[in-house]
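Each chain gets a letter, A, B and so on, in the order the sequences are listed, and its residues count up from 1.
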Protein chains: 2
Amino acid sequence: MDLSHRIDTAMSAAIARAQGQASPDGAVPGRLAAALHYAVTPGGARIRPTICLSVAKACGDDRPALSDSAAIALELIHCASLVHDDLPAFDNADFRRGKPTVHLAFSEPLAVLTGDSLIIAAFEELGGADDADAARALRLVRLLSRHTGMPHGICAGQGWESEAQVDLRAYHRSKTAALFVAATQMGALAAGQDPEPWEELGARIGEAFQVADDLRDALYDEQALGKPAGQDVANARPSAVEELGVQGAIKHLQDILSGAIASIPSCPGEGQLAQLVRLYAERMTPVAPARV
Amino acid sequence: MDLSHRIDTAMSAAIARAQGQASPDGAVPGRLAAALHYAVTPGGARIRPTICLSVAKACGDDRPALSDSAAIALELIHCASLVHDDLPAFDNADFRRGKPTVHLAFSEPLAVLTGDSLIIAAFEELGGADDADAARALRLVRLLSRHTGMPHGICAGQGWESEAQVDLRAYHRSKTAALFVAATQMGALAAGQDPEPWEELGARIGEAFQVADDLRDALYDEQALGKPAGQDVANARPSAVEELGVQGAIKHLQDILSGAIASIPSCPGEGQLAQLVRLYAERMTPVAPARV
């Protein structure tokens, strides 16, 4: 089964469970159930779970169901963060993935609850592991919460935006890189390997994504992005483009990705994994600047 | 060590960890860190963790650290739900526990992130269990997520308030009773016992709290409650007082609590547990109606 099929299948099952389709004995609030599905579709590139499963495969993937859970848990958290980040109190975004954001399509209360429910569903996904895999699954819970909450996960990253003095390194590391580090580390751990050597690969991919995102925000228009463009300047957010210029940021992106490939720990699937990062590198590097 | 001391100690440790006090190597967003502490203090009655630890003790409490984690996880989730429920999009509450709500004391973005971070901290608390207790801890993750998220946890309960047609039984069961069921079941499970026979006790205590809350909302003023009164009528929420009248609701509350005591499974600490429920019963039954 290819990775995207594994991800789609496991994601559909997780959402169906959260919607109560597996427990027909109790009534379920229908609008919140619908909002959960809305918030995770269309899937987009599913980059974090793809990285997670790729690392798991490179490490032998001896517990594929657990790897799938790790991948889906990451994606559920990522989708939750998008729903909350789009709220009027944060980015006040109208569009995401080319359709109205959850608070516009449903309501603000339902958007808050959708994010909350998706966070919880992520941990429920890991909690559903077989007893035989309990120790590994519990370590996955630990990794996911570390890279998601306070003091250094994506919540912390978003929290930095409420500070008068921002520690830029901590900000980028927690806001963007944390979930990529979680992706590589959880993939390794789900396959029974030590997650520590996988931190650097995740951190570098995360850094590359941040730079690529800054470039896209500066270069593309709203239609190409599927969400409002020019938000970094509009919200006075720090950006690699502002710091290095467009060509400088593109060069920086390529350097980071070379470093990412060099950092891949020795493992059976090392070559395939390097190829995946190269593929992302091509996709990430912006072409045909539309607004400069 | 008495229960409230165990709860305070474990809660302080959990919040210190979320604030980054245990990992001094990385910068932390200070306002969000402060908001986490603000949201869980003053502690109030800490009823859910007290019930959880009481049940664990009644069942032998052979893993006190795990029982403490279960209790604290519950309280973190409860505090998270209060912060999110108080948001302008929901109850738009100005006061909670006699001080300004988190979104007023800090900001709306920080209130959303505080809730998110507390939810994640709850699972991190369980994820920190020893490897030897991994299977039990993972089952605690499963119970906590089931009673917290969708389709039947407290998120679902809140979600019902966005429905045109409300299933009242499902609404109350998920909005209030779910965390009490989690409290009794997680207490039993943390002590190595089957959680299923403990469901009814939690459900009945939860039902009693809902009725007591309805009574307080109808009878007390803002000063006595530490939060706005008369919210059920103001928000057109279903209430036992509306349905049964004040005296009828008090009688109903006492019946539920008798049922709760009768439902306690046979265990070494059965008598003490019955006494605890009787104590709550006295505290819950409103006296001196201020506004009728």
**Item:** Heavy-atom contact with chain B under 4.5 Å, split by part of Leu87(A)
**Value:** side chain

**Complete:** Ranking Gly157(A), Pro109(A), Ala122(A) by heavy-atom pairs under 4.5 Å to chain B gives rank one to Pro109(A)

**Request:** Select one option (side chain, backbone, both, neither) describing which atoms of Arg17(A) are under 4.5 Å from chain B's heavy atoms.
**Result:** backbone

**Message:** Are Tyr171(B) and Glu161(B) packed together at the side-chain level, in the sense that at least one heavy-atom pair is separated by less than 4.5 angstrom?
**Reply:** yes

**Message:** Less than 4.5 Å apart, side chain to side chain, heavy atoms only: is that true for Glu75(A) and Val40(A)?
**Reply:** no

**Complete:** So, the part of Gln19(A) with a heavy atom under 4.5 Å from chain B: the answer is backbone

**Residue of the set Asp130(A), Asp133(A), Asp68(A) for which salt bridge (Lys or Arg N to Asp or Glu O under 4.0 Å) holds with Arg63(A)** = Asp133(A)

**Prompt:** chain A heavy atoms under 4.5 Å from Ala129(B): which part of the residue, side chain, backbone, both or neither?
**Reply:** both

**Item:** Region of Leu36(A) that comes under 4.5 Å of a non-hydrogen atom in chain B
**Value:** side chain

**Asked** Any side-chain heavy-atom pair from Arg173(B) and Glu207(B) closer than 4.5 angstrom?
**Response** no

**Message:** In the structure I gave you, are the side-chain heavy atoms of Leu179(A) and Ile77(A) within less than 4.5 Å of one another anywhere?
**Reply:** yes

**Request:** Give the member of Ile119(A), Leu140(A), Ile154(A), Asp167(A) that has the highest number of heavy-atom pairs under 4.5 Å with chain B.
**Result:** Ile119(A)

**Item:** Option in Gly153(A), Ala170(A), Gly127(A) with maximal non-hydrogen atom pairs under 4.5 Å from chain B
**Value:** Gly127(A)

**Between Leu138(B), Val141(B), Leu143(B), the one whose heavy-atom pairs under 4.5 Å with chain A are most numerous** = Leu138(B)

**Item:** Structural part of Ala80(A) lying under 4.5 Å from a heavy atom of chain B
**Value:** neither

**Asked** Does the pair Met11(A) and Leu76(A) meet the rule for a side chain to side chain contact (heavy atoms under 4.5 Å, CB included), with working shown?
**Response** CA-CA 8 Å; Met11(A) 181 57 105; Leu76(A) 289 167; 3.8 Å; yes

**Prompt:** Just wondering, do Thr114(B) and Phe106(B) contact through their side chains at under 4.5 Å, heavy atoms?
**Reply:** no

**Asked** Could you state the interatomic distance from CG (Leu32(B)) to SG (Cys155(A)), rounded to the nearest 0.5 Å?
**Response** 7.5 Å

**Asked** Side chain, backbone, both or neither: which part of Ala121(B) has an atom under 4.5 Å from a heavy atom of chain A?
**Response** neither

**Prompt:** Under 4.5 Å between any side-chain heavy atoms of Thr101(A) and Phe95(A), yes or no?
**Reply:** no

**Message:** As an exercise: rank Leu144(A), Asp131(A), Asp116(A) by heavy-atom pairs under 4.5 Å with chain B and give me the winner.
**Reply:** Asp116(A)

**Message:** In the structure I gave you, are the side-chain heavy atoms of Lys99(A) and Tyr38(A) within less than 4.5 Å of one another anywhere?
**Reply:** yes

**Complete:** Most contact-rich option vs chain B, by heavy-atom pairs under 4.5 angstrom, among Arg142(A), Glu163(A), Arg31(A), His103(A), is Glu163(A)

**Message:** Using a 4.5 angstrom heavy-atom cutoff, name the option from Gln158(B), Glu125(B), Glu108(B), His152(B) with the most pairs to chain A.
**Reply:** His152(B)

**Request:** Could you tell me which of Ala134(A), Pro29(A), Ser81(A) has the largest number of non-hydrogen atom pairs under 4.5 Å with chain B?
**Result:** Pro29(A)

